[in-house]
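Lettering follows sequence order; numbering is per chain, from 1.
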Amino acid sequence: MARRIAIASPVGAAGEAAPQVAVRGPSWDGRFTVLILFLPPALLLFTLFVVLPIGEAAWYSGFNWNGFGRPTNWIGFDNYRFVLETRAFWLALRNNGLIIAVSLAIQLPLALTLALILAERFRGAVALRMLFFMPYILAEIATGLIFSFVYDGDYGLVASIWRTFGAEPPHLLASTDTAMLAVLIVIVWKYFGFHMMLFIAALQGLDKSLVEAARIDGATRSQALRHVVIPLLYPTIRLSVFFAIVGSLQLFDLVMPLTRGGPADSSNTMVSFLYNNGISRMRVGYGSAIGVILFVICVTFAFTYKRWFMRDE
Amino acid sequence: MRLLGKLVLAAAACLLWANSAAADTTIKWLHIEVNPAQVKIWEEVARSYEASHPGVKVEMQFLENEAYKAKLPTILQSKDRPHIIYSWAGGVLKAQVEAGVLEDITDSVRSGGYSDTIAPAALAAFTQNGRVFGLPIALSQVGFLYNKDLMAKGNVDASRIKTWDDLLGAVKTLKAAGVTPIVVGGADKWPLHFYWTHLAVRVGGKPAFDAALKGENGGFAGETFQRSGELFKQLVDLQPFQNGFLGFKNPQAVGYFGDGKATMILAISSFYHTQRALAADKVGLGDDKLGWFDFPVVPGGKGEPSDTLGGITGWLITKGAPKEATDFLKFFISKDVQARLAAGNFIVPVVKGGEAGLNSAFMKQIAANLAKSNYHQNFYDQSLGPSVGRVVNDVTAEIAGGSMNPQDAAKAIEAAWKQGN
Amino acid sequence: MPISCSQRYWQLLRNSLIISTLTVTLTLIVASMAAFAFAHVKFYGSSMLLSYLTLGLLFPAATAVLPLFIKVRDLGLLDTYFGVALPQVAFGLAMSVLLLRRFFKDIPHELLEAALVDGCSYVKFFRYVTLPLSRPILATVGTITFVNSWNAYLLPLVMLNTDALYPWPLGIMVYQGEYSSEWHLILAFITLTILPTIILFLIAQKHIVAGLTAGAVKG
C-alpha cells in the first residue's frame, strides 16, 4: 500500500532518486513511452508561449525597438527609467492599489455576508446565488459596454436618475475625478458573486457539528459565527484575497470599453497602460519593460503571500 | 472522445470553409471613413474598376479611426495585411518606410506622366528619399466651424473673432448667454491636440517647428511650445467645452455639433459635411446655419495669419501587394473621381482639374486658404511619428483635464522626442 | 437593425466558436496527457517539471504580450485562429493539468496494475480507462477553458487583424466604434452576443460553478 501511494503521488515524495521499477508488471519501457508521448506537447507549448516570452521580454526591454526586423539599438536600462518617469505609470500602479483596497474593504465583506445568508437552505436561495454569480461569467467586454451605457451622461440610467431630481447629469466616465470610481463600482458588481460562491462552497464543506456544539454550549448565533465559522473560513478568505489581488493585476478587458484608461490616464490599470503605451505604439522595448515590472510584482506578491499567509495550505 | 473527434472535424471544416471563397486577385482596402455618402462613391468606383478588370475584386474593410491607429503597427506585421491603407503621411509614414512594410510604387506612379497630374506638394508628402509609397487623396484645413443660430443667441459676431483674446471673449459671452461654446472629442485626444498645435503654429511659425526638430531653442520644451500650452490653458480655464468632454469620442463630438448643441468645434474642414452623417437626425446643420473662421492669431506671434494646420491624407500600398492594387489606386486618384468627390464636398482635391468639381462656397474657400498658405503644418500626432505624436496627444489631454501644467507638458514632449521611441 | 448586422453577428459567433473549440480541444488533449504522466508515472524530475508548469499560475498573459506577439508573428501564425488558440492553451495549461492530475490520482491504482499485468499498455489504459472515468473533470476543465476563451479580448486584439476573423468581443468593440452613440443598436448587439453565454451558463451551470470555485479552491 505504501509503495502504491508513492507511485501514485510523485510530487512531494521524498528522495526522488533514480527511477525505481514498480511492482511486477509495469516495465520501464511502457512508462518511457508515456513520458515521451505525453509530456512534450504540454511542456513545448508552455515553454514556447509562456516561459520564453517572459525571458524575451527581459531581453527586448534593453532595446529601443519598433518591432520590425531585429532589435539592434541597445539602450540598457533606459526603458525602465522611461517607464518610471512616466506619470501615467504611477497612476496605473495607484489604480491597481485602489482596486485591491476596494476588493478587500468592500467586495470581500459583501461577498462573505451574502454567502452566510445564501448558504442557508430557503426558497430562492439557489436562484439568488445564480443571479449574483451571473455577472462573473459575463464577458468583461460586454459588462464594460453595458455600464458605459448606464453611465452615459446623455442617455444612461444614471443620467435619468439625476434628471428625476432635476439635476444636470454628470459624465462619470469623462471626468478625471470620477472615472476610476465608476470603474471600481463595476469591478465590485462583476466579481463579488465569484467570491460569494467561493465562500458558499467552503461553508457547505464545513463540519456543521462544530457550530451545533457551540450553540449547545450556549453561544449565541453571532458568537458562533464570530468564533467558530469565520475562523474556519480563514483559508478561503486568504484564497479570496489572493484572487482579488491577482485579478486586479491583470485587469484590462473591463477598462477598455469603459474608459480606455482615460480621461488623461486617470483610470489605467497596469495592463491597460501596457496596451496603450507599449502595444498600440509598437514600442516593444518600452512595453516589455512594463511587462517585466508587472511580472516582478506578480511573482514577488505570489511568493510572499504563499509564504506568509498560506503556509498551512 | 468521439465527441471531441467531431468537434475537431467541425473546427477543421470551418477553417477550410473560411479559406475557400476567393477571386483571382483580391485587393484588400482598409479605410476609416464614417460618412456613408462618401463610402458609397468609393464603392461605385471600386465596382466600376472591377467591371473593367475581370478577375479583380476590390474588398473594402472598415476600422474606426482610433482603433485603426492603435492596430496599424500590428496590422502591418501580418502576412495578410491589407494592400491599401489610409495614411496621414508625416513621421508615421517615415517610420513605416524605414520598417520596410510599404511597397515602392515610384515607377508605376511616374509612368505615363501620371504623377504630373497630382499637386507636387501633396505627392511630396508621400515621397521619402525620392521614392513614392502612396498617393494623396485630399487636403484639409483645421479651423473653427460654428453654428450661426447659437452665435446669434449669444450675441457674438463670429466674423470679428480674429485674435486668441477675441476667442476667449466670445467663449465668456456665450457661456454667460447659457449656450455651450465649444464641443470637442476629448476621449480621442487628437481633437484637443489641434488647439495646442495650432497655437504653436501661430506663436512660433515654421521656424520654431524646424528648430524644435533640430533640438534648438530647447526643442519642444522651448518657449514657443510652453507658451502654446499656457494659451491653451487660458481657454481650458474658462471651461468652454461641453459637459463630459473628456469622455466624448470625436464622432460623438461632431454629432453633438451637428445636433446644434454647441456653438463651435475646432474642426477639420471635412467635418463641415461629416456632421450631417453623425448628427442624430442624419440631417445635421444646413449650409445656411454653418459658418467658418480661421484659427485666431496670437498677437506678437511669429506665424503668418495665412499659415495653416491640416492634413494631407492619402493611401499607401503595403509591401507585397499585387500590382493591381497600385493600378486601382491610380484609377481611384484620378481627375474624374476627384471631381466627383469634390462635387460631393468631401475633399479638397489634389489632382489637377479636380477642383473644377468644387461647388460649395465653403469648400472653395478652404481650397483658396490652402492655396495661399506658405506653411501648411501637418498634424503633429502624425508628423512627429507614431510614438512622439501619441505623447503630444496625451499631454494636451492632460492640460485639458487639468492634471498637467503647460511647462511639464512641453517637457514631456521633448523627452519623448529625445527618446525617439 | 441594419441588414449587414445579422451576417456580421453570425460571423463573429462562428469565429468565437472556432477559437474556443480549438482551445478547449487542445487543452483537454494536451493537459490530460501531461496530467496522466504526472499522476501515474514516477520519474526523476517529475516534481520539478510540475512546479515548472505551475509557474504559469503566477502571472497573467499580458506581462509578456509583446514578445508573445513577436513570437506568434515569427511563427507565421499572426492573423490565424491558431495564433490566438495556442497561447490561450499554453496559459491555461497550469490550472488544467493541476485539476486533472488531482482527479486522475484518485483513480484506484489497482486498476492500472491489473491492466498492466493483463498486457494493456499505459497508453491504452489512458485512452480506455482514465479518460472515460474522468468525464466530470474533463467537462469542468473544458467548460472553464471555453468560458475563458469565449470571453477573451486581449489576445485576439493583439493577434488578429482581419475583421473576418474577429471573435465577438473584438467585433462588438468595432461595432461600438462605428455606431458610437446609437445606443439602441449597440445594446441590441450586446444582447445578441451575450445570449449564447447565458444559455451556456444555464445548461452547464453545475460545471461552471464547480470549476470556477471548487476548482479554484483545489488548485
Side-chain angles (χ1 to χ4, degrees), chain A residues 4 7-12 16 18-19 23-26 30-31 33-35 37-39 41-42 45-46 49-50 53-54 56-57 60 67 130 133 137-142 145-146 149 155 194 197-198 201 239 243 249-250 252-253 257 271 274 278-279 284 287-288 291 294-295 298-299 302, chain C residues 30-31 33-34 36-39 41-44 46-47 49-50 53 56 58-60 62-68 70-71 86-87 89-91 93 97 105 109 113 116-117 121-123 147 151 153-154 158 169 172-173 176 183 186-187 190 193-194 197 201 205 208-209 212-214 216-217:
Chain A
R4 226 173 272 135
I7 292 170
S9 61
V11 177
E16 289 195 40
V23 270
R24 291 170 293 164
R31 292 192 292 158
T33 318
V34 172
L35 295 184
L37 278 178
F38 279 18
L39 281 178
L45 270 178
F46 186 75
F49 292 112
V50 180
I54 277 291
E56 284 162 350
Y60 292 152
M130 286 304 148
F133 188 67
I137 62 146
L138 216 59
E140 271 87 353
I141 290 296
L145 284 175
I146 292 169
F149 171 69
Y155 312 99
F194 167 72
M197 276 297 184
L198 274 184
L239 194 74
F243 282 127
L249 289 173
Q250 45 183 290
F252 171 72
D253 296 9
V271 181
L274 169 64
I279 301 169
V284 178
S288 295
L294 183 58
F295 174 79
C298 287
V299 172
Chain C
V30 172
M33 292 196 321
F36 180 79
F38 283 120
V41 183
K42 185 175 156 61
F43 62 98
Y44 179 73
S46 137
S47 74
L49 278 183
L50 191 62
L53 278 184
L58 296 183
F59 55 90
T63 50
V65 69
L66 268 165
L68 193 60
I70 306 277
K71 174 136 296 190
L86 288 178
V89 173
F91 271 91
L93 268 182
V97 169
K105 268 172 62 181
H109 204 67
E113 281 177 10
L116 291 170
V117 170
S121 69
Y122 275 98
V123 179
V147 171
N151 290 346
Y153 177 64
L154 179 61
V158 177
I172 200 169
M173 286 293 277
Q176 198 248 0
W183 277 112
I186 297 164
L187 288 177
I190 294 176
T193 39
I194 58 177
T197 322
F201 176 64
Q205 49 168 287
I208 293 177
V209 174
L212 292 176
T213 57
V217 175

TODO: Drop me the distance from T63(C)'s OG1 to Q250(A)'s CD, to the nearest 0.5 angstrom.
DONE: 9.5 Å
- [ ] Name the orientation class of the two ring planes belonging to F59(C) and F295(A) (parallel below 30°, tilted from 30 to 60°, perpendicular beyond 60°).
- [x] perpendicular
Open item on the list: Looking at every heavy atom in both V271(A) and A62(C), which two are closest together, and how far apart are they?
Closed with: CG1-CB, 3.4 Å
TODO: Return yes if some donor-acceptor pair links the side-chain N/O of N151(C) with the main-chain N/O of I137(A) below 3.5 Å, else return no.
DONE: yes
TODO: Pick whichever of F38(A), F252(A), Y60(A), F49(A) has the most heavy-atom pairs under 4.5 Å with chain C.
DONE: F38(A)
- [ ] Please flag which part of V65(C) lies under 4.5 Å from any non-hydrogen atom of chain A: side chain, backbone, both or neither.
- [x] side chain
- [ ] Could you look at F36(C) and say if it's the side chain, the backbone, both or neither that has a heavy atom under 4.5 Å from chain A?
- [x] side chain
- [ ] Measure distances from F149(A) to the heavy atoms of chain C and classify the residue's part below 4.5 Å as side chain, backbone, both or neither.
- [x] both
Task: Under 4.5 Å from a heavy atom of chain A, the part of I190(C) involved - done: side chain
Task: Side chain proximity check, M173(C) to L145(A), heavy atoms < 4.5 angstrom - done: yes
Open item on the list: Minimum heavy-atom separation for L37(A) and M33(C), please, with both atom names.
Closed with: O-CE, 3.9 Å
- [ ] Return the minimal non-hydrogen interatomic distance between A37(C) and L35(A), and the atom names on each side.
- [x] CB-CD2, 4.2 Å
TODO: Go through the atoms of L93(C) and report whether side chain, backbone, both or neither lie under 4.5 Å from a heavy atom of chain A.
DONE: side chain
TODO: Measure distances from T197(C) to the heavy atoms of chain A and classify the residue's part below 4.5 Å as side chain, backbone, both or neither.
DONE: both
Open item on the list: If I compare all heavy atoms of A142(A) with all of I194(C), which pair ends up nearest, and what's the gap?
Closed with: CB-CG2, 3.4 Å
- [ ] Look at L154(C), T193(C), V89(C) and state which one has the largest set of heavy-atom pairs under 4.5 Å with chain A.
- [x] L154(C)
TODO: Taking all non-hydrogen atoms of both residues into account, name the closest pair between R31(A) and K42(C) and its distance.
DONE: NH1-O, 2.8 Å
- [ ] Over all heavy atoms of both residues, which pair between G56(C) and F46(A) is shortest? Give the atoms and the distance, please.
- [x] N-CZ, 3.5 Å
TODO: Select, from A302(A), C298(A), G278(A), S288(A), the one with the greatest count of heavy-atom pairs under 4.5 Å involving chain C.
DONE: C298(A)
Open item on the list: Heavy-atom pairs under 4.5 Å with chain C: which of L138(A), I54(A), V299(A), I141(A) has the most?
Closed with: I141(A)
Task: Heavy-atom contact with chain A under 4.5 Å, split by part of I70(C) - done: side chain
Task: Which portion of L58(C) sits near chain A, non-hydrogen atoms under 4.5 angstrom - done: both
